[in-house]
Q: 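Before I ask anything, here is the structure I am working with.
Chain identifiers are assigned alphabetically (A, B, ...) following the order of the sequence lines, protein sequences preceding nucleic acid strands; residue numbering begins at 1 within each chain. Just so it is clear, the structure is predicted and the values come from calculations on it, not from any experiment.
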Protein chains: 4
Amino acid sequence: MGDDPSTPNRRDAGRPRGASVVAAVLAATRAELAESGLDGLSVDRVARRAEVNKTSVYRRWPTKEALVAAAMDGLRTEFADSPDTGNLRDDLHALAEPIAEFLSRPEGKALARAAIGTGATSEIAALASRRMTEQASPVFAIATRARGRGEWHDDTDPQQVIFSLVGAIMHRVLLEDADPTGRWLDSLVDLLHRGAAATPVAPPDRTTP
Amino acid sequence: MGDDPSTPNRRDAGRPRGASVVAAVLAATRAELAESGLDGLSVDRVARRAEVNKTSVYRRWPTKEALVAAAMDGLRTEFADSPDTGNLRDDLHALAEPIAEFLSRPEGKALARAAIGTGATSEIAALASRRMTEQASPVFAIATRARGRGEWHDDTDPQQVIFSLVGAIMHRVLLEDADPTGRWLDSLVDLLHRGAAATPVAPPDRTTP
Amino acid sequence: MGDDPSTPNRRDAGRPRGASVVAAVLAATRAELAESGLDGLSVDRVARRAEVNKTSVYRRWPTKEALVAAAMDGLRTEFADSPDTGNLRDDLHALAEPIAEFLSRPEGKALARAAIGTGATSEIAALASRRMTEQASPVFAIATRARGRGEWHDDTDPQQVIFSLVGAIMHRVLLEDADPTGRWLDSLVDLLHRGAAATPVAPPDRTTP
Amino acid sequence: MGDDPSTPNRRDAGRPRGASVVAAVLAATRAELAESGLDGLSVDRVARRAEVNKTSVYRRWPTKEALVAAAMDGLRTEFADSPDTGNLRDDLHALAEPIAEFLSRPEGKALARAAIGTGATSEIAALASRRMTEQASPVFAIATRARGRGEWHDDTDPQQVIFSLVGAIMHRVLLEDADPTGRWLDSLVDLLHRGAAATPVAPPDRTTP
DNA sequence: TGATAACCGAGACGGTACGTCACGTCTTTAA
DNA sequence: TTAAAGACGTGACGTACCGTCTCGGTTATCA
């Protein structure tokens, strides 16, 4: 006794949490979310589906929010790096494409719905925002490159471009229930490209003399 | 059976539905919606708040959806007529402004959240879409006028302009929890104006020779 | 309108309570009590057994105590009138017999256990006391009659006689798990009769000269 | 595994059981029992109060019953020897007094309640019976002495006297929530003394010639 | 004017889910 | 081996809403 350096601040005592439980619950949560939406989501059913006890769910995730957020956190789509295609239009398209893809998937839709449905202050919305920010960050690099090439309109806020993009896609996916397919997305990117570009842009498919 | 003409085909017998009940319930619904959001909404509480019996609520609106839709139907903002300002940019701004205003109000937010949260097939989303369509319809007139003046870019789909506008505003209001204020909205309209316009647009504040 | 005397203080509004529910629940409660004892009693199980919803149970009986008390209230054994047999000893026996019988039955045992187990201030104990008092009241009549015949010992408190009687029976039934059968009860009554009587008492079966 | 003397034939290896754990747990159990009664008793709370782990409780006492029984076993009141006062009445009083005293104390009450509440077949009831039997055993000596003095009524079963005594006290303490005070106890002993005695007994305060 | 039919308030009812608590078993690390 | 720590399945707790139902009492309209 005395200045015992090995103070028993045992932080790793006790039976460790079974990894399988976490996985099963989160998977079940994602499945339920995709099927029934956020407010059709019941902890009881999630637990039943994961073949895990309700208390085991509550032990880790004290609120439904936290559970959904955790489930969504596992969705980390790898859409981080958008390549330098050499021109603004294709850079924007490369940025938009994985976002559209993500929001087309049931889980992506569910996350978006949940984020919007629960309000801006919710944990879920925060998560979604974080995701979006991660994804949106390349837009600054794109803008910088474009500006270097004289392609960027000075008055354009890069964030506004990306948010318009995302907003339009969300509108299409969540309210119109339509897919953000290739042609549609092309057209949208063209629209915003013209808005962001310094000079008039030739129509993409018609050859200019 | 029988061709008795005096058969009591009385369709309008009985005590008529009190109008006050409708008003009270819808008002209570709107209030609860603004306070607690869509899934914090309980018929029991609405009825209690309206000082009306639960049965009287269910008699008219069989589902929670229908109730919310009816409540929202009373929101008819008068944003139908956008004037002809003589140029595309201001036409677009005149179109965007009331939308932004509507989505800033608590009830507007609530409607948007509800529409998105309940899924694209829901009655509420249908209502929201209808509202949006009503509001968006002038965009075709705007496009036609602009085309007449040689201001409209041929490849631009008017719908896509309006949906980008709405989507960007929704993103700002519902996810970023920020107001779509004058400067921000100006900037957004500029962006989309440039996208929709046939020719390069001079920066709004710098005079070009 | 005006001074309407028939003020709508409708006490009988609403759907009337189904009598069958009450009966089923109380029966189930008694059965569970007899099987599992007081703290083996679960509202969940009672409801399941009665094929009634849990909420329907809670609607009427807010606590487990109240439920048990109500169930026990249905036990009103008809042991109110003890006849005048003409002598003290038989009067006492006539008083003791139905008590012993009641405490031998499973429900009687359960009530006694519950009353004692939950503490003297509980609703159940109050009920048990009431029952006991109802039953014990004839002891005063018995004492009065006996005093008239010169059979009652002046210093004896009638209540103490009845409480000794009940206490002894409870001890036998609840702690020794033995039946208060005829011979044993005879003997107990004899003991207390001698204690309560003014003069020495001859043994019941041996003839005195 | 040869006969290596230094082979750890460790029969006493491992961490020794801390004696303090037992004491702490039993003390906590008694405290909780007195506070919350038998079914307000939770192993979790006991462990927390004793600042001991739940596991350590279960290691020693596999059931709640066993725990309570063990806790009660520490109550050994020293009421074993009742002196020979030379007459039956005072012998009985000397026997009754410590019993009444024990049942007045909170722990005594708790034990009695627990014994009755858990049913006759429970470990606790067995313990209580054992206690009672230990305490009651002198009644045979008392009866024998009284019979020697011609004071004992032949038909009286000594056990029945003691059980009536105990039963009456329990009734008073557990159901009436009253103390078995001196005067009341005197009166009870008188009643049973008269019942047990061979000859009529003079009132204790009036002198007979 | 009176029957008829709908409205309305009140509340019972069977469900489902909520989030919490205690149980007793188990698995792990530290002493 | 014991102890502390805590995960885990089980099951009950008491509450809140859901949507349906059965009542009694109230208005209207129509015969």
Q: Hey, is the side chain of C:Ser56 poking within less than 4.0 Å of OP1 or OP2 on E:dA12, counting only N and O atoms?
A: no
Q: Of all of residues 35-44 of chain B, which get a heavy atom below 4.0 angstrom from DNA chain E, listed by number?
A: none
Q: Check this one for me: any side-chain N or O of D:Thr55 less than 4.0 Å away from OP1 or OP2 of F:dA4?
A: no
Q: Want to settle it: does B:Arg59 or D:Pro62 sit nearer the 5' end of DNA chain E, counting the closest nucleotide to each?
A: B:Arg59
Q: OP1, OP2 of E:dA22 versus side-chain N and O of D:Arg45: anything below 4.0 Å?
A: yes
Q: Could you tell me which residues satisfy salt bridge (Lys or Arg N to Asp or Glu O under 4.0 Å) with B:Arg30, sequence neighbours excluded, listed by chain and number?
A: none
Q: Could you work out which one of E:dG15, F:dA4, E:dG19 sits closest to the side chain of A:Lys54?
A: E:dG19
Q: Side chain of D:Arg48: nearest nucleotide among E:dG15, E:dA22, F:dG6?
A: E:dA22
Q: Quick one: side chain to side chain contact (heavy atoms under 4.5 Å, CB included) partners of A:Val22, sequence neighbours excluded?
A: A:Leu26, A:Arg60, A:Trp61
Q: Sequence neighbours left out, what passes salt bridge (Lys or Arg N to Asp or Glu O under 4.0 Å) with C:Lys64? Give chain and number order.
A: none
Q: Using only modelled atom types and a 3.5 angstrom limit, is any donor from either the side chain of D:Asn53 or the base of F:dA3 paired with an acceptor on the other?
A: no
Q: Test of understanding: with side-chain hydrogen bond (donor to acceptor under 3.5 Å, both in side chains), list the residues that count as partners of A:Thr63, not counting sequence neighbours.
A: none
Q: Restricting to salt bridge (Lys or Arg N to Asp or Glu O under 4.0 Å), what partner residues turn up for C:Glu35, sequence neighbours left out?
A: C:Arg49
Q: Using heavy-atom distances to pick each residue's nearest nucleotide on DNA chain E, tell me which of A:Lys64 and B:Glu51 is more 5'.
A: B:Glu51
Q: As an exercise, state the distance from CD of C:Glu32 to CZ of C:Arg48, rounded to the nearest 0.5 Å.
A: 9.0 Å
